[in-house]
Amino acid sequence: MNRTPSMRAAHALMLAVLCAGLAHAQNTPRLIDPAQAAWFTPPPLPALKAAWLAGSEAGTGPYLLRVRLAAGGRIPPHTHPDSRYTTVLSGTLYVGFGDAMDEAQAVAVPAGTVYEAPAGVRHWVWAKDGDVEYQESGVGPTATHLPH
């Protein structure tokens, strides 16, 4: 199977996360319970709740960010300094790329599917059909740059 650069990067990221987890393991796995995480809501995005499950925004190395977006919630066009890989865990997330939210250009990303938002590429998301939970991974440090 020919692997695209995106697939190779995703595999490398998964391997790095796995290796980091193994380095912490002794005789038992390190469990991360999202219910015990420190959830936060960024002020400009009341429909969003997020929690850093591994790593952090300012940290170097792999990270996992769990996100819950309420039904109808939207995250306007924004960028990240690193490529992010988003896995939809439940619901259907709609994603689009560009400077404006054009609903006609939204692509449905159903549960179990992964999409990549390349570093520096403006994109937006929408919980059009109902609540959505997803997890983002990448290599930090990272940030989210929303328009002002």
Side-chain angles (χ1 to χ4, degrees), residues 1-21 29 31-148:
M1 174 169 128
N2 289 334
R3 293 184 181 169
T4 66
S6 302
M7 290 173 66
R8 284 193 298 273
H11 285 119
L13 177 63
M14 287 188 294
L15 182 60
V17 170
L18 178 62
C19 289
L31 301 180
I32 302 170
D33 182 356
Q36 301 300 315
W39 290 85
F40 63 93
T41 298
L45 302 170
L48 183 142
K49 291 184 180 178
W52 294 100
L53 300 183
S56 68
E57 189 170 45
T60 58
Y63 63 81
L64 293 174
L65 177 67
R66 182 69 59 93
V67 180
R68 294 177 180 152
L69 189 58
R74 298 169 185 249
I75 301 175
H78 62 281
T79 62
H80 307 288
D82 60 310
S83 291
R84 285 204 179 175
Y85 299 89
T86 300
T87 304
V88 178
L89 303 172
S90 65
T92 298
L93 185 66
Y94 289 78
V95 63
F97 289 82
D99 293 330
M101 290 187 76
D102 180 354
E103 294 176 6
Q105 299 299 314
V107 174
V109 183
T113 305
V114 177
Y115 81 87
E116 177 188 6
V121 174
R122 192 170 300 280
H123 61 285
W124 49 271
V125 298
W126 176 27
K128 175 183 173 185
D129 299 331
D131 293 346
V132 179
E133 187 162 349
Y134 57 95
Q135 187 162 285
E136 296 186 332
S137 60
V139 178
T142 188
T144 299
H145 301 290
L146 291 164
H148 297 287

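The residues of the chain are indexed from 1 along the displayed sequence.
By the 4.5 Å heavy-atom criterion applied to side chains, Pro110 and Val88 are not counted as neighbours. A heavy-atom distance below 4.5 Å is found between the side chains of Tyr134 and Val125. Inter-residue side-chain proximity for Trp124 and Pro76 is flagged as unmet; no heavy-atom pair is nearer than 4.5 Å. Looking at Ser90 and Val132, their side chains never come closer than 4.5 Å, going by heavy atoms from C-beta outward.
The two residues Leu64 and Ser137 come nearest to each other via the heavy atoms CD2-CB, 3.7 Å. Residues Pro147 and Pro77 share a closest heavy-atom pair of CD-O, 2.9 Å. Closest non-hydrogen pair, Pro81 versus Ala119, comes out as O-CB, 3.4 Å.
Remark: the backbone N or O of Val121 is not paired with any side-chain donor or acceptor of Thr79 at under 3.5 angstrom. Counting only distance, with no hydrogens or angles, the side chain of Asp131 and the backbone of Ala70 share no donor-acceptor pair below 3.5 Å.
Sorted by first and then second residue, the salt bridge (charged side-chain N to carboxylate O under 4.0 Å, His left out) pairs with a member in residues 134-146 read Arg84-Glu136; sequence neighbours excluded.
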Table please: side-chain donor-acceptor pairs of residues 38-61 below 3.5 Å, with sequence neighbours left out.
{"unit_1": "Trp39", "atom_1": "NE1", "unit_2": "Pro34", "atom_2": "O", "d": "2.7"}
{"unit_1": "Thr41", "atom_1": "OG1", "unit_2": "Leu48", "atom_2": "O", "d": "3.2"}
{"unit_1": "Ser56", "atom_1": "OG", "unit_2": "Gly59", "atom_2": "N", "d": "3.0"}

Expected list for residues 91-99: side-chain donor-acceptor pairs under 3.5 angstrom, two or more places apart:
{"unit_1": "Tyr94", "atom_1": "OH", "unit_2": "Asp129", "atom_2": "OD2", "d": "2.6"}
{"unit_1": "Asp99", "atom_1": "OD1", "unit_2": "Arg122", "atom_2": "NE", "d": "3.1"}

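The CD1 atom of Ile75 lies 8.0 Å from the OG1 atom of Thr144; values are rounded to the nearest 0.5 Å. To the nearest 0.5 Å, the span separating NE2 on His80 from CG on Leu65 amounts to 9.0 Å.
A tilted orientation is assigned to the rings of His78 and His123, their planes being inclined by 30° to 60°.
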